[in-house]
Amino acid sequence: MKMTIGVSTLLAALLASPAVFAHGDVVPHAVDTTGLDPLGPEWRDENPYRGNPTAIEIGKHAFAANCARCHGIDAISGGIAPDLRKLDKGSLGDEWFQERVRNGAVRNGAVYMPKFAEPDGPLSQEALWAIRSWLDTVAIDQ
């Protein structure tokens with residue numbers, strides 16, 4: 001009887017553990033970019049929304065919904081993914097940001113970051129540049 005209870009408890013714990021350690025909802029969330037000028041299909045080399053209060057507010061919420069599970073709340077990384085507060089401010093960081101959100105990151109066949117930019121990913125150029133706009137506001141000097 002004790003053995004059956006012990007095995008049942010162990011089995012229940014093992015089955016429940018993925019829920020305990022999961023990152024939460026990993027389905028990308030749509031971003032409402034109402035109030036931002038449409039950018040069209042061609043990617044901009046630099047963030048066209050830099051300093052735009054509407055973009056910053058949209059980006060803050062878009063980051064929380066789509067990026068924080070890996071890059072940390074308020075972009076404060078716990079060490080698994082890059083701390084995006086350390087991304088170069090302004091146009092210096094735009095190239096790296098654009099490269100990652102458009103192409104993702106794959107090492108040795110393992111996906112470290114999926115593609116986030118349309119058409120392969122779920123987010124529009126407007127949504128992603130809004131996130132970049134917000135990241136500029138939380139950037140820290142290195």
Side-chain angles (χ1 to χ4, degrees), residues 3-142:
M3 181 67 147
T4 305
I5 292 172
V7 171
S8 297
T9 302
L10 178 61
L11 183 57
L14 288 174
L15 292 174
S17 64
V20 173
F21 295 109
H23 286 296
D25 182 3
V26 294
V27 175
H29 296 275
V31 176
D32 181 0
T33 58
T34 301
L36 298 178
D37 292 334
L39 301 177
E42 295 298 318
W43 264 81
R44 307 290 175 96
D45 291 331
E46 292 186 11
N47 183 358
Y49 302 137
R50 186 164 284 109
N52 177 321
T54 301
I56 292 167
E57 188 65 20
I58 290 169
K60 175 182 180 178
H61 297 289
F63 182 92
N66 291 291
C67 311
R69 74 180 114 269
C70 295
H71 291 283
I73 296 170
D74 293 331
I76 302 169
S77 177
I80 294 172
D83 188 322
L84 296 179
R85 297 171 306 148
K86 296 179 182 177
L87 183 60
D88 287 333
K89 287 183 187 180
S91 61
L92 292 174
D94 288 352
E95 182 179 353
W96 185 88
F97 177 83
Q98 182 184 162
E99 159 65 25
R100 281 302 159 103
V101 298
R102 292 180 73 192
N103 299 309
V106 177
R107 280 184 242 135
N108 299 322
V111 175
Y112 282 75
M113 180 173 156
K115 294 177 182 182
F116 271 89
E118 294 175 335
D120 299 324
L123 301 181
S124 69
Q125 178 177 195
E126 292 84 358
L128 291 164
W129 282 128
I131 291 170
R132 175 73 176 124
S133 297
W134 176 75
L135 286 170
D136 273 346
T137 70
V138 297
I140 56 175
D141 293 325
Q142 300 179 48

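Hydrogens, waters and symmetry mates play no part in the numbers below; they use all other heavy atoms, side chains included.
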Heavy-atom check, side chain of P48 versus side chain of L39, under 4.5 Å: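 Side-chain contact under 4.5 Å: yes.
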Please test R102 against D120 for side chain to side chain contact (heavy atoms under 4.5 Å, CB included), starting from the C-alpha separation and ending with a verdict. CA-CA 8 Å; R102 292 180 73 192; D120 299 324; over 6 Å; no
For [X] versus [Y], what's the shortest heavy-atom pair and its separation?
{"X": "A117", "Y": "W43", "value": "CB-CZ2, 3.8 Å"}
{"X": "A62", "Y": "V31", "value": "CB-CG2, 3.6 Å"}
{"X": "A130", "Y": "L36", "value": "CB-CD1, 4.1 Å"}
{"X": "G51", "Y": "I56", "value": "C-CD1, 4.0 Å"}
{"X": "D45", "Y": "D94", "value": "O-CB, 3.9 Å"}
{"X": "G93", "Y": "L87", "value": "O-CD1, 4.0 Å"}

To the closest 0.5 Å, what do you measure between [atom1] ([X]) and [atom2] ([Y])?
{"X": "K60", "Y": "S133", "atom1": "NZ", "atom2": "OG", "answer": "14.5 Å"}
{"X": "I131", "Y": "Y49", "atom1": "CD1", "atom2": "OH", "answer": "12.0 Å"}
{"X": "R85", "Y": "H71", "atom1": "CZ", "atom2": "NE2", "answer": "13.0 Å"}
{"X": "L84", "Y": "W134", "atom1": "CG", "atom2": "CH2", "answer": "8.5 Å"}
{"X": "L123", "Y": "W129", "atom1": "CG", "atom2": "CH2", "answer": "13.5 Å"}
{"X": "R100", "Y": "E95", "atom1": "CZ", "atom2": "CD", "answer": "12.0 Å"}

Are any side-chain N or O atoms of [X] and backbone N or O atoms of [Y], one a donor and one an acceptor, separated by less than 3.5 Å?
{"X": "R50", "Y": "E46", "result": "no"}
{"X": "N66", "Y": "P28", "result": "no"}
{"X": "R132", "Y": "G90", "result": "yes"}
{"X": "E118", "Y": "Q125", "result": "no"}
{"X": "Q98", "Y": "R44", "result": "yes"}
{"X": "D32", "Y": "T34", "result": "yes"}

Do S91 and N47 pair up side chain to side chain, a donor and an acceptor below 3.5 Å, judged on atom types alone?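 Per modelled atom types, S91 and N47 side chains form no pair under 3.5 Å.
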Before you tell me yes or no, could you show the steps for L135 and F97 under side chain to side chain contact (heavy atoms under 4.5 Å, CB included), namely the whole-Å CA-CA distance, both residues' side-chain angles and the distance that decides it to 0.1 Å? CA-CA 10 Å; L135 286 170; F97 177 83; 4.0 Å; yes
Over 12 foreign heavy atoms within 6.0 Å of CD1, I73: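 No, CD1 of I73 has 12 or fewer neighbouring heavy atoms, counting only those of other groups under 6.0 Å.
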